[in-house]
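Numbers restart at 1 for each chain; the letters A, B, ... are given by sequence-line order, proteins then strands. The structure displayed is predicted, hence computed values, not measured ones.
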Amino acid sequence: MDSCSDAHYRELLAAYELGMLDDVRLRDLELHLLECDVCFAEAERFREAARLLRKSPRIREMVSDTYRESGPQQPATSSRSVRRLVTTWLAAAAALLILVLRPWHIEIHPSDFASAAETRVAVKPFWNSTGQANQDLTGRVIASLLSADLSRVSGLQVVSTQRVHDVGANLARESREWTHNDIVASYARLTDANWVITGDILSVDSGLVLTFELSDAASQSVVAAETITAQRGEDMFAVVDRMTAQIGRHFRKSSVIPDRSVADVTTHSFEAYRNYVAGLDNYYKLYWSEALEYFNRAVELDSTFAMAYYYLVRLGQRDVYDAMVRYADNVSSPEQHRIRSLILVREGNRSAAIEELRILLEKYPDDKEILHQIASNFYAVEQLDSAEVYWNESLRLDSYYKTALNHLAYLYARTDRYDQAIVAINRYIDIAPNEANPYDTRAEIYSWYGRLDDAAASYRQALAIKPDFYSSLAYLGYMSLFAGDYVTADSCFDVLTTLDSDVLRPAGRLYQSYSPLHRGQYALALRGIDSAVVANKAELAIDRLRPLDMVYIYVQRAYALHEAGAFDSAVASLELAAQYCGKRSIVCYRQMMVQYLADGGHMDRAAVVLEQLRADLGDKAEQSPAYWYAAGCLALARGNHQQAVDDLETSWSLAADFKVSYMLGRAYLTAGRLSRAVRQWERTARIYDSPRASMASWSAKTHYFLGRVYEESRWYDRAAEQYEQFLEIFRGADDGISEVDDARARLDRIRRRS
Amino acid sequence: MTINTLHRAAQNGDSNAEGALFALLSARFRYFAEHKIESRDDAEEIVQEALKTILDKYRDIEFTTSFAAWAYKVLDNKILAYFRRSTVQRERMKGSTDADETPVMTVEETALERQLLECLRKLHAANRRHARVLNLHYLGFTVEEICRRVDVTRNNLYSLLHRARARLADCLETGDMS
């Protein structure tokens, strides 16, 4: 019998069959299987068995049972006491959480989220008994430091400060008198802790004096209470280290107490830490600008404070990224996972980032923020089922978690679960009726489903709450544009041009071209765009404009010129745009250059630009929607319809955006692929987003092309309706637009027919 | 003959070679597509689309690398397009007929499944590590995480799976575990 010369591939086959190969090895193996008859025969031999191993629920169940029988191998239960084991199983039974991940039908049991430790401690913020209101925050600072320090003691699991914060916020909603026992019982119940640490700050200014009590949640009795007075030369960090040592020794004589001070893994500046905790408070409340302010103050006080940098980066302040990386060693081990996950996201390695976060989750299984981050990473790589599971899990921990509700609403809308999307977002609105963001989200979801009036109303609600919520203002403009309400659209865009923001002002000028373009008034649009170019240049000269905004305005000018039939001028405008493209922008609108050159009859030049684009993109060309869009447009202009369909389908598969949808619809139509053309044009007509607003004349012409495909399908009523809509929008259009003449002729024919 | 040899012969007008080439591609592509796509009908459609693209183009392309790599890329792109189509937001058509939920597995236990269950029991009685790896995989842990938990390198994990597969295949053929 023949044999394969490379045994390496044979070794990979089992992992391949189970779906356990990474992309690179998978591709490598499949290429080998394509060429090697021996290995392919071996794969074929086991094909059905492998399919069963992957998919049979009975096999999964049997494997799970087998593994469960081998109990000693399960690290999660092996080290627990019998009492804790029983408690865990009872908790698990009560939670009844079995989440099913599609499409792999993965079951996640509670223990996968929360491998409960034998000793789980919650540290409640210390009570301020100094009589000084300015020391309220100090209580949270001490609790936070103590939590950070205790989390380094071996054998202890510490409830995350984020979870403690949520529990405190929920308990504060209950207006009642709290006894010490009530507090211990409530914190223990809500955090699944079996020990609760409470404390009081008695004095700060005249020497730090505080007390702490360690309470057993089961008996609600205080098992240890101490008064700690700072010795001469001892700061807050040293006092916390002392508390940590005492508490650690109480649990186990063998507990390993960290030899480094908590200051070494946080900051040596108490003021910096105070600001950090205040930043966290605001961060948890989603008050981003306030949080930014506190975190920035923290790093001003201690320029080596890695975790403050971490939150600044998370809040979008990218200029401190290098500082975060530089000081990443100055944090505790769990926090290092947080930082590493962020670095991995930045490097584009989402799966590794998820792994870091899952390790962190083992340490803090009830930290909804970690669950949210894992979900966000799954969402970013289109693993929507997994993202949904993690966001739902975070909501199980905190049913008021607005961030998760917001994301879930988008996720449901994307996966065609409109009703669930609206339920989720309305729940967010119930929780935060005075915030603008949930109304903005709801409006966007309405727009995805073509409910333009509802979308506009919801954007208005967002703006009523927060008039400077400018994304809502811009989108209200788009919705008004699509609905033909140009007065409202223009007024929204005009407001943007008056703002003191160097980003929004040029955006407003750009948007001012949308209304005339939507109505086919290209000359008017071009006059406005030329004025915007002049204004932009003036601001660029005094450093009040990003070069990127010059790119945008020249690209918009090119689009308007192309629509007006001035193809060469359109190309010249794109060349001007290219002067402002940064080095990082490889494509720099060259897909439009290829399209406009081809439409102007310069096929050879278009081919040269396309080839250069391919060369510049290198390996990335195959996965570049821009490249395939350009190739498809060139093929279409050359009359190579099948090639155009193939290339534009590839582009569409890589990035489902309005412009690609529009051109793919045209390619289907010219290739005579009628059923696909109908479907594609119906899709195009349902896209209501900002790219459609920017290509406003195409937005209107979508009705014309939809009319064409309906007419060819002999759906004359529908066709007439679309032609009428198009002609109504283009009522005041420039002369000589071929689609207008054609739509009129076609409509006449249909009317005569009936 | 290898796939690239068949391709060259087909490109030179050998119709027998062309038939053999597409028979080979069909079998391989079907295997790859069914590995990645739940629905066999969808997988078949993707395979047919890919084969059609190759048939339309292969005679006219001057291959600077290998035909096999190009053909594989065609299939890969079709599968990628399929997944994008299935998930991207534009597929929100109300009442769309595309959104078919394919059952994971037929309800009835087949003879092969019974046999496989029996062989797995025998294997896992002797090799609990394989049971653990499989269980972690079913629970959704990544390979990195599984390696970390089981404390093996990635290559060792692949070897472990390979050996287990060989024993399972043997058991399925002979009914006994060597």
Side-chain angles (χ1 to χ4, degrees), chain A residues 10-15 17-18 20 22 30-31 33-35 40 43-49 52-53 55-60 62-64 66-67 70 73 101 103-108 112 351-352 355 358 382 384 386 413-414 416 448-449 622 642 646 649-650 653-654 656 661 683 686-687, chain B residues 2-4 27-28 31-32 34-35 38 53 56 68-69 71-73 76-77 80-85 87-94 96 99 104-105 109-110 112-113 116-117 120-121 124 128 131-132 134-135 137-140 142-146 157-159 161-162 164-165 168-169 172:
Chain A
R10 187 72 70 91
E11 284 231 329
L12 293 181
L13 202 49
E17 288 163 345
L18 288 166
M20 293 174 73
D22 57 86
E30 286 190 338
L31 270 169
L33 289 174
L34 198 55
E35 300 187 74
F40 184 65
E44 279 282 40
R45 187 168 75 100
F46 202 66
R47 184 177 189 159
E48 274 310 303
L52 287 165
L53 279 173
K55 297 181 179 177
S56 163
R58 275 181 284 269
I59 287 177
R60 281 167 185 251
M62 190 277 280
V63 169
S64 172
T66 307
Y67 181 59
S70 66
Q73 289 183 30
L101 274 176
W104 306 282
H105 293 256
I106 300 162
E107 288 184 342
I108 291 186
D112 297 316
S351 56
E355 285 315 304
R358 284 175 81 154
E382 296 283 329
L384 303 186
S386 305
R414 281 191 60 182
D416 206 14
W448 287 3
Y449 284 84
E622 293 284 320
Q642 185 52 48
D646 285 350
E649 275 183 344
T650 307
S653 71
L654 294 166
S661 188
R683 271 187 190 138
R686 277 197 304 275
I687 299 170
Chain B
T2 69
I3 185 171
N4 287 324
R28 259 65 159 189
Y31 178 77
F32 299 153
E34 285 179 11
H35 183 69
E38 288 277 329
T53 303
D56 289 344
Y72 177 76
K73 192 68 204 168
D76 205 28
N77 282 340
L80 191 65
Y82 167 81
F83 282 120
R84 298 266 179 182
R85 277 202 302 272
T87 54
V88 292
Q89 67 188 60
R90 309 304 181 215
E91 288 289 324
R92 291 192 305 266
M93 289 178 78
K94 287 183 181 118
S96 166
V104 173
M105 182 56 65
E109 189 179 83
T110 61
L112 177 64
E113 190 176 4
L116 187 60
L117 279 164
L120 270 172
R121 275 192 200 98
H124 288 170
R128 295 229 161 144
R132 187 171 181 209
L134 216 48
N135 189 46
H137 173 59
Y138 288 157
L139 284 169
T142 63
V143 171
E144 287 77 14
E145 180 66 12
I146 293 170
L157 180 76
Y158 291 157
S159 293
L161 292 171
H162 169 65
R165 180 190 185 276
L168 276 178
L172 287 173

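Here CG of A:Leu34 is found 5.0 Å from CZ of B:Phe32. Values are rounded to the nearest 0.5 Å. Remark: A:Met20 CE to B:Leu157 CG distance equals 5.0 Å, nearest 0.5 Å. For the atom pair A:Glu355 CD and B:Glu145 CD, the distance stands at 5.0 Å (nearest 0.5 Å). Rounding to the nearest 0.5 Å places CG of A:Leu52 at 5.5 Å from OG1 of B:Thr110. Atom CD in A:Gln642 sits 7.5 Å away from atom OG1 in B:Thr53 (nearest 0.5 Å).
Looking at heavy atoms from C-beta onward, B:Glu34 lies in side-chain contact with A:Arg47 at the 4.5 angstrom threshold. At least one side-chain heavy atom of A:Leu53 sits under 4.5 Å from a side-chain heavy atom of B:Leu120.
Side-chain contact check for B:Glu113 and A:Ser56: at least one donor-acceptor pair (N or O, by modelled atom type) lies under 3.5 Å. B:Tyr72 and A:Glu30 share a donor-acceptor pair across their side chains, judged by distance under 3.5 Å alone.
If you measure heavy-atom distances from A:Ala352 to chain B, you find no contacts under 4.5 Å at all. For A:Leu12, the part sitting under 4.5 Å from any heavy atom of chain B is the side chain, from C-beta outward, and nothing else. Only the side chain of B:Ile3 comes within less than 4.5 Å of a heavy atom in chain A; its backbone stays farther off. For chain A, the nearby parts of B:Ser159 are the backbone and the side chain; heavy atoms of each come within less than 4.5 Å. Only the side chain of B:Leu172 comes within less than 4.5 Å of a heavy atom in chain A; its backbone stays farther off. The part of B:Leu116 that comes within reach of chain A is its side chain, from C-beta onward, which places non-hydrogen atoms under 4.5 angstrom from that chain.
Smallest separation of non-hydrogen atoms from B:Ala27 and A:Phe40: O-CZ, 3.7 Å. Between A:Leu18 and B:His137, the shortest heavy-atom contact is O-NE2, 2.7 Å. Here the shortest heavy-atom pairing between A:Ala43 and B:Tyr31 reads CB-OH, 3.3 Å. Nearest heavy atoms, B:Asn135 versus A:Val63: N-CG1, 3.7 Å. Among all heavy-atom pairs drawn from B:Ala69 and A:Leu31, the shortest one is CA-CD2, 3.8 Å. Residues A:Asp22 and B:Tyr158 come closest through the heavy atom pair OD2-OH, 4.0 Å.
Under the 3.5 Å distance criterion, the side-chain polar atoms of B:Arg165 are left unmatched by any main-chain donor or acceptor of A:Leu13.
When each of B:Leu134, B:Asn4, B:Thr2 is scored by its heavy-atom pairs under 4.5 Å with chain A, the top score falls to B:Leu134.
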